[in-house]
*Asks:* 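Once you've had a glance at the structure underneath, I'll fire off some questions.
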Amino acid sequence: MDRERNYVNMQVNPCKMCMPMGASQALKGFANTMNIIHGSQGCSTYIRRHMAAHYNEPVDIASSSLSEEGTVYGGSKNLKLGIKNMVHMYQPEIVGVLTTCLAETIGDDINRIVKEVRDTGEFDDVDIIPIPTPGYGGSQSEGYFAAIKGILKYYGDRYQAGKQGGHINVIVSNATCEDIRELKRISQILKVSFLILPDISDVFDAPYEAEYNKLNGDGFSRDLIPRAFEALATIELGHLVADRYSPAKYLFDNFGIPMYRLPLPIGIHHMDAFVETIAGVLDMEIPMALTKERGRLLDGMIDSHKHSALGKVAIFGDMDLVYGISLLLAENGMDLKVCATGSKTKGFKEGIERLMKNYKCHPVVMQDSDFETIRHVILETEVNIMVGSSDGKFIWEKDGIDLVRVGFPVHDHIGAQRKLRFGYKGSIRLLDEVVNKLLDQKHRGYKERMIDNYHKEVTKRMEEPIWQ
């Protein structure tokens, strides 16, 4: 097996999505926002399809529809016309203009093009924001944070100094709708105001309505964005992305807002870090309600620990999600065999290895990887359960290794947007799901194994001499 094949651009089914995908997800968390992707029609179709199938909600994304002519002579005309048509049709407050591999390769300057659109005076009430997201520039994680930083920078350049508020910015990576709602619930327990951005909780898990609204008014409001520059602190949940993409780093460098870049609050140690950071910022005691929830998680860990040792686990997907889940499962005595991501960052490998030292786990840590390579390593290390997105289901189909679906995308199950992983409550839910899969494995074929072992024992005794 050639494990290095994925490092020389010979990937088969990469373990990641592209930057425009992540940026599109982030932009949908801002109210009355539309985005247009400057590239071929296939790019926006690919992204819409993945998001609609994962969330089971309609997703509109515009495209500049570059053709052969635009590729050769430049796509400025297409992009300007696309922005104009989209604004007239949807009437958004914010427009995010994203690039693709094609647009970046031919060298289209979207900053100049967007400026020319603004200078017409036709869209003075619309904030049109260029956000470079070349598909080859990184994974969905980089694109996600780049979009948030791009929006903050746009308004930060126009910000008029105001009074500091008593709230905390919470910038969220790789969260489900239920995760966002859990953060809001935790803020109520702590009696602190969270400015959560982006907020997809009512966008991708919207209540049924008889009429379809082309533009979703839910999400983080444009009117709230200036408050981000007046916060007591910024907590960025997702700490592995490079500084140049970090919104928290931007707010710290330009507005002096203290930043805390933390792992996703999954598992008892990472959730403790989140709660203790907030308590430290506000100089407050941790409420008894959260202490009780922590105790329930501990009790659940005690309940399941005798079964957790059955698990030989592979985790794959977004780097921050893999990092968070790996600690939760190691805390509960599972043997981590593989930790894989399609992203490539120095902090991922070093962080996983540092975490696992405390639990005597020595997983194969894979970056910039693809699923064919991951499958070979999974089979080689005798993994018996996988945790990750639906992209790994072909391993389940071919090799019969159970898959607990988390992350993005999940296409072959429903309810991914309602899964809770964050907090003490989400941690125990995820732990229960994984342990129950292991128990199913134990009970599956139990009688057959007992009968087989019985026959082996009888045969062994029959072969033994009567007299010693």
Side-chain angles (χ1 to χ4, degrees), residues 1-22 42-43 45-47 49-51 53-54 100-101 134-143 174 240 311-326 329 334-349 351-353 356 361-413 416 434 437 441:
M1 180 192 71
D2 181 9
R3 286 192 191 173
E4 300 303 316
R5 62 193 300 281
N6 55 318
Y7 293 101
V8 289
N9 296 321
M10 293 175 62
Q11 293 191 345
V12 179
N13 192 8
C15 183
K16 65 179 177 181
M17 299 289 175
C18 61
M19 284 188 75
M21 177 76 78
C43 292
T45 302
Y46 160 78
I47 291 170
R49 182 259 171 189
H50 273 287
M51 291 174 66
H54 176 84
T100 59
C101 304
Y136 49 73
S139 69
Q140 72 272 20
S141 296
E142 285 81 8
N174 208 296
L240 293 174
K312 299 177 181 179
V313 191
I315 311 173
F316 50 78
D318 176 86
M319 56 186 176
D320 283 302
L321 191 59
V322 172
Y323 190 92
I325 293 175
S326 67
L329 301 187
M334 296 187 200
D335 186 6
L336 268 67
K337 295 292 188 181
V338 180
C339 293
T341 183
S343 303
K344 193 171 185 180
T345 176
K346 184 179 179 182
F348 178 76
K349 181 176 174 60
I352 291 286
E353 290 176 347
M356 293 305 109
C361 289
H362 304 284
V364 179
V365 181
M366 306 171 69
Q367 298 187 84
D368 193 24
S369 193
D370 65 277
F371 278 101
E372 184 162 306
T373 310
I374 291 169
R375 179 184 176 229
H376 283 302
V377 179
I378 282 175
L379 295 176
E380 190 178 78
T381 54
E382 299 182 340
V383 163
N384 63 1
I385 190 165
M386 302 180 294
V387 180
S389 70
S390 288
D391 286 339
K393 78 182 182 73
F394 83 95
I395 304 175
W396 165 63
E397 292 169 346
K398 289 183 177 180
D399 306 304
I401 302 171
D402 285 329
L403 171 62
V404 175
R405 289 157 179 81
V406 297
F408 181 91
V410 175
H411 292 158
D412 58 335
H413 281 192
V434 175
K437 281 281 187 184
Q441 291 178 9

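Numbering starts at 1 and runs along the sequence shown. Nothing here was measured: the structure is a model prediction, and the numbers come from that model. The figures that follow rest on heavy atoms only: side chains count, while hydrogens, waters and symmetry mates do not.
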*Asks:* Mind listing the closest non-hydrogen atom pair of Asp370 and Glu372 along with its distance?
*Replies:* OD2-N, 3.1 Å

*Asks:* Can you measure from NE2 (His362) to OG1 (Thr381) and round to the nearest 0.5 angstrom?
*Replies:* 14.0 Å

*Asks:* Ignoring hydrogens, what is the shortest heavy-atom contact between Pro363 and Ile352? Give both atom names and the distance.
*Replies:* CG-CG2, 4.1 Å

*Asks:* So, taking the atom named CE in Met356 and the one named CG in Leu336, what distance separates them when rounded to the nearest 0.5 Å?
*Replies:* 5.5 Å

*Asks:* Of the non-hydrogen atoms in Cys15 and Gly317, which two are nearest, and what is the gap between them?
*Replies:* SG-N, 3.7 Å

*Asks:* Going from SG on Cys339 to CE on Met319, what distance comes out if it is rounded to the nearest 0.5 angstrom?
*Replies:* 14.5 Å

*Asks:* Phe316: which residues meet the ring-ring contact (aromatic ring centres under 6.0 Å, His included) condition with it, sequence neighbours left out?
*Replies:* Phe371

*Asks:* Determine whether the side chains of Asn174 and Asp320 contain a donor N or O and an acceptor N or O closer than 3.5 Å.
*Replies:* no

*Asks:* If every non-hydrogen atom of Ser390 is compared with every non-hydrogen atom of His411, which pair is closest and at what distance?
*Replies:* OG-N, 3.1 Å

*Asks:* Once you round to the nearest 0.5 Å, how far does CG of Asp391 lie from CZ of Arg405?
*Replies:* 11.0 Å

*Asks:* Using modelled atom types only, decide if a donor and an acceptor are shared between the side chain of Gln367 and the backbone of Thr345 within a distance under 3.5 Å.
*Replies:* yes

*Asks:* Taking the side chain as C-beta and beyond, is there a heavy-atom pair between Phe348 and Val322 under 4.5 Å?
*Replies:* yes

*Asks:* Applying ring-ring contact (aromatic ring centres under 6.0 Å, His included), can you list everything that pairs with Tyr46, at least two apart in sequence or on another chain?
*Replies:* His50

*Asks:* Can you tell which of Val383, Val406, Leu329 makes a side-chain contact (heavy atoms from CB on, under 4.5 Å) with Ile315?
*Replies:* Leu329

*Asks:* Can you tell me if Gln441 uses its side chain to pair, donor with acceptor, with the backbone of Asn384 under 3.5 Å?
*Replies:* yes

*Asks:* With sequence neighbours left out, what residues match Glu397 under salt bridge (Lys or Arg N to Asp or Glu O under 4.0 Å)?
*Replies:* Lys393

*Asks:* Within this structure, what is the CD1-CE distance for the pair Ile47 and Met17, rounded to the nearest 0.5 Å?
*Replies:* 10.0 Å

*Asks:* What pair of heavy atoms forms the shortest contact from Lys16 to Gly342, and how long is it?
*Replies:* CD-O, 3.3 Å

*Asks:* With rounding to the nearest 0.5 Å, note down the distance linking CD1 in Ile385 to CD1 in Ile378.
*Replies:* 11.5 Å

*Asks:* Set out, in order, the CA-CA distance, both residues' side-chain angles and the distance that settles side-chain contact (heavy atoms from CB on, under 4.5 Å) for Leu379 and Ile401, then state yes or no.
*Replies:* CA-CA 9 Å; Leu379 295 176; Ile401 302 171; 4.2 Å; yes

*Asks:* Of all heavy-atom pairs between His54 and Ala416, which one has the smallest distance, and what is that distance?
*Replies:* CE1-CB, 3.5 Å

